[in-house]
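Before any comments, here is the structure.
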Amino acid sequence: MSNELVHIANLNKNYSVVKALDDVSLDLEPGHIIGLLGPNGSGKTTLIKILNGLLRPDSGTVVIDGEAPGPHTKSVVSYLPDRPYFADWMKIGNIFDLFEDFYTDFDRPRAEYMCQTLHIPIDMKMKNMSKGTKEKSQLILTMSRKAKLYLLDEPIAGVDPAARDFIMDTILSNYNPEGSVLISTHLISDIEQVLDQAVFIRNGHVILHDSTDNIREREGKSVDELFREMFRMTY
Amino acid sequence: MFGKLCKYEWKYMMRFFLPMWGMLLVLGIINAFSAPHWLFNYVSEGREIAGGLLFFALNMGFCAVIIVTMVVIIQRFYNGLLKDEGYLMFTLPVKSGMLINSKLLVSLVLMFLTGVVCLAAIMAIVISGIGWGDFWEGFVWIFRNSDLSGLEWTMMILWLIVLILVASASSLYKIYTAMALGHLAKKHRVGWSVAAYLGISFLGSAVSNIFMFNADWDAIGDALHRMVTGMSIPQSIVVMELVAIAFYAVLSLIYFFITRYILEKRLNLE
């Protein structure tokens, strides 16, 4: 318990009559890259939103770095939503200023270096950026923090294979190794090789949480193959 | 953190307000040169029409500034917190109340400064018309020949400014509450926000009507009479102002707590 970065117990969340999360319990330790794997509508985004304080659960407990979601946990969680959160008038340099003011773990030189590498001018307005450049900018912001927990919601959904490689490289070469990375996706084959642990979620239930090595050894198949087998009926 | 939030809000708002204030002041200064000629002297018909048009433009400018101020303030809350930008703002390590109040404080300051700019534009015309010397003399005369320079009148004016600010805060909180309620809907959130605003207004009217019809006005009148007996006029007005300030402060608190509750516990970003 003392080594847990994230402690989730008996978590429930309903949207009207739809159960998004049903009695979810999960403990995550620091220093791991964890895949939150499930088909669309399985509750991945709801769980991530609850972890970063955007949603309140109906019941249950969430503790991150010893505290319930709030200003402290937001200061140690770096979140990549599944949509761009920039306003058109913003320049990426404006958001660097904002991150520098609010997050003590934001590494501005690293963020500027990444922008330079990708030829993203920091004084370019968001309205002049392509969708892909916006996504890259958002990833740069998320990964330029030395956070304790990275919550990446579908970072590789809807992008071409070359962009997927870039995204995974950026995550792997920039995350804080003392923290943990929780990546939600249903595209397992693209990220399986980097995962230490996998959490399978279906209809709001966590049905499996284990290390990827254990899964391969026990099942005699890859995580992707096991996922396809377990979710064949619902996927 | 609150100061930093205000700083970012201010930087955003200045993109709209600086050009708007600049435009108003330029119109005011142009009118300051032209208005005294066609208002107080005989000029050719062409110059009179041109001057009239400039004066009309200034008045349109005043109307535009009031509308744009309200639209920008409302849009800033809606887009900044209840749409995609909310993903950025609500994951900052600050409390929801700070997000709401930073927007409110900056909006109040901007409303106040917009009022000052409008007044400056009018004063430019007045001073240009009667001359700085006469204007200053008139100003001094008013203070010398009235009680306005006394402490009681000063206090009355200061409390009036506080009352205007608290009443404005209450109006803004009411708009925020309506938008927060409207965003709970799955679809047509702007429409629901307008409906929520009308609903809150209707509820307010209903409550005040119930109070008006059921209150013991004789007792209230007696109580007020006892309270202000022996007081000077400005002191009596200050008492009324304080009662009104307390009323709007309570309303503001109610709206604030409802808005904060929704944004903390029922946030519904798409």
Side-chain angles (χ1 to χ4, degrees), chain A residues 13 15-16 18 45-46 48-58 64-65 67-91 93-95 97-106 125-126 134 137-138 141-142 145 147 149-151 153, chain B residues 1-19 71-72 74-103 106 180 183-187 259-270:
Chain A
K13 178 70 187 174
Y15 295 117
S16 304
V18 179
T45 296
T46 300
I48 284 183
K49 280 186 173 179
I50 288 175
L51 288 174
N52 64 37
L54 284 174
L55 277 180
R56 288 285 172 133
D58 296 333
I64 300 168
D65 196 36
E67 289 192 23
H72 170 71
T73 65
K74 289 174 185 180
S75 71
V76 297
V77 170
S78 190
Y79 170 50
L80 180 72
D82 59 350
R83 66 185 61 222
Y85 51 49
F86 303 120
D88 280 348
W89 59 273
M90 289 175 175
K91 297 170 185 170
N94 296 141
I95 320 230
D97 294 341
L98 183 110
F99 269 49
E100 208 169 23
D101 269 348
F102 285 94
Y103 299 114
T104 51
D105 59 8
F106 180 64
K125 281 194 176 171
M126 289 297 156
K134 278 184 191 170
S137 303
Q138 202 150 294
L141 285 161
T142 309
R145 287 183 55 199
L149 178 65
Y150 299 85
L151 297 172
D153 194 2
Chain B
M1 289 295 187
F2 183 73
K4 288 175 183 174
L5 286 172
C6 290
K7 183 179 87 178
Y8 282 95
E9 205 55 30
W10 182 260
K11 271 169 88 174
Y12 172 83
M13 292 295 211
M14 281 301 104
R15 294 169 55 249
F16 294 96
F17 281 85
L18 273 183
V71 168
V72 170
I74 291 169
Q75 199 189 35
R76 186 64 200 136
F77 186 86
Y78 192 74
N79 289 341
L81 294 183
L82 304 177
K83 298 200 83 179
D84 287 346
E85 215 182 313
Y87 283 86
L88 175 67
M89 300 312 290
F90 282 107
T91 46
L92 292 176
V94 295
K95 291 184 171 171
S96 306
M98 273 193 192
L99 292 171
I100 301 166
N101 286 331
S102 62
K103 292 195 184 301
V106 171
H183 116 289
L184 293 175
K186 283 182 182 164
K187 287 180 182 174
T259 310
R260 194 183 65 171
Y261 173 81
I262 294 169
L263 298 188
E264 260 181 17
K265 314 270 187 198
R266 317 280 300 173
L267 189 65
N268 187 22
L269 298 175
E270 283 170 9

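- The most heavy-atom pairs under 4.5 Å with chain B, out of A:Leu55, A:Val76, A:Asp97, come from A:Asp97.
- At a cut-off of 3.5 Å, with distance as the only test, no side-chain donor of B:Tyr8 or A:Asn94 sits close to an acceptor on the other residue.
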Only pairs under 3.5 Å count here: list side-chain donor-acceptor contacts from residues 74-82 of chain B, not counting sequence neighbours, and write none if there are none.
residue : atom : partner : partner atom : Å
B:Arg76 : NE   : B:Glu9  : OE2          : 3.0
B:Arg76 : NH1  : B:Glu85 : OE2          : 3.4
B:Arg76 : NH2  : B:Glu85 : OE2          : 3.4

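- With rounding to the nearest 0.5 angstrom, the CG atom of B:Leu269 is 6.0 Å from the NZ atom of A:Lys49.
- Side-chain contact between B:Lys95 and A:Pro71: present, with at least one pair of heavy atoms (C-beta onward) separated by less than 4.5 Å.
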For this session: Determine, stepwise, if the pair B:Leu92 / A:Tyr103 fulfils side chain to side chain contact (heavy atoms under 4.5 Å, CB included).
Result: CA-CA 8 Å; B:Leu92 292 176; A:Tyr103 299 114; 3.7 Å; yes
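- The two residues B:Lys4 and A:Asp101 make their nearest non-hydrogen contact at NZ-O, 2.7 Å.
- Proximity to chain B involves both the backbone and the side chain of A:Phe102, based on heavy atoms less than 4.5 angstrom apart.
- Side-chain contact check for B:Lys186 and A:Tyr15: no donor-acceptor pair (N or O, by modelled atom type) lies under 3.5 Å.
- At distances below 3.5 Å, not a single donor-acceptor pair connects side-chain atoms of A:Lys74 with backbone N or O atoms of B:Thr91.
- For A:Ser16, the part lying near chain B is the side chain, with the backbone staying farther off; criterion is any non-hydrogen pair under 4.5 Å.
- Interface check for chain B: of the options A:Val77, A:Asn52, A:Leu98, A:Thr73, the most heavy-atom pairs under 4.5 Å are formed by A:Leu98.
- Proximity to chain A (any heavy atom under 4.5 Å) is shown, for B:Leu263, by neither the backbone nor the side chain.
- Using a 4.5 Å cut-off between heavy atoms, B:Arg15 contacts chain A through its side chain alone, with no backbone atom that close.
- With a threshold of 4.5 angstrom between heavy atoms, A:Pro84 approaches chain B through N, CA, C or O but not through any side-chain atom.
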Problem set entry | Trace of the side chain to side chain contact (heavy atoms under 4.5 Å, CB included) decision for B:Tyr87 with A:Gln138 | CA-CA 12 Å; B:Tyr87 283 86; A:Gln138 202 150 294; over 6 Å; no
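- The CZ atom of A:Arg56 sits 12.0 Å away from atom CZ of B:Arg266, with the distance rounded to the nearest 0.5 Å.
- The shortest side-chain heavy-atom distance between B:Leu88 and A:Phe99 falls under the 4.5 Å cut-off.
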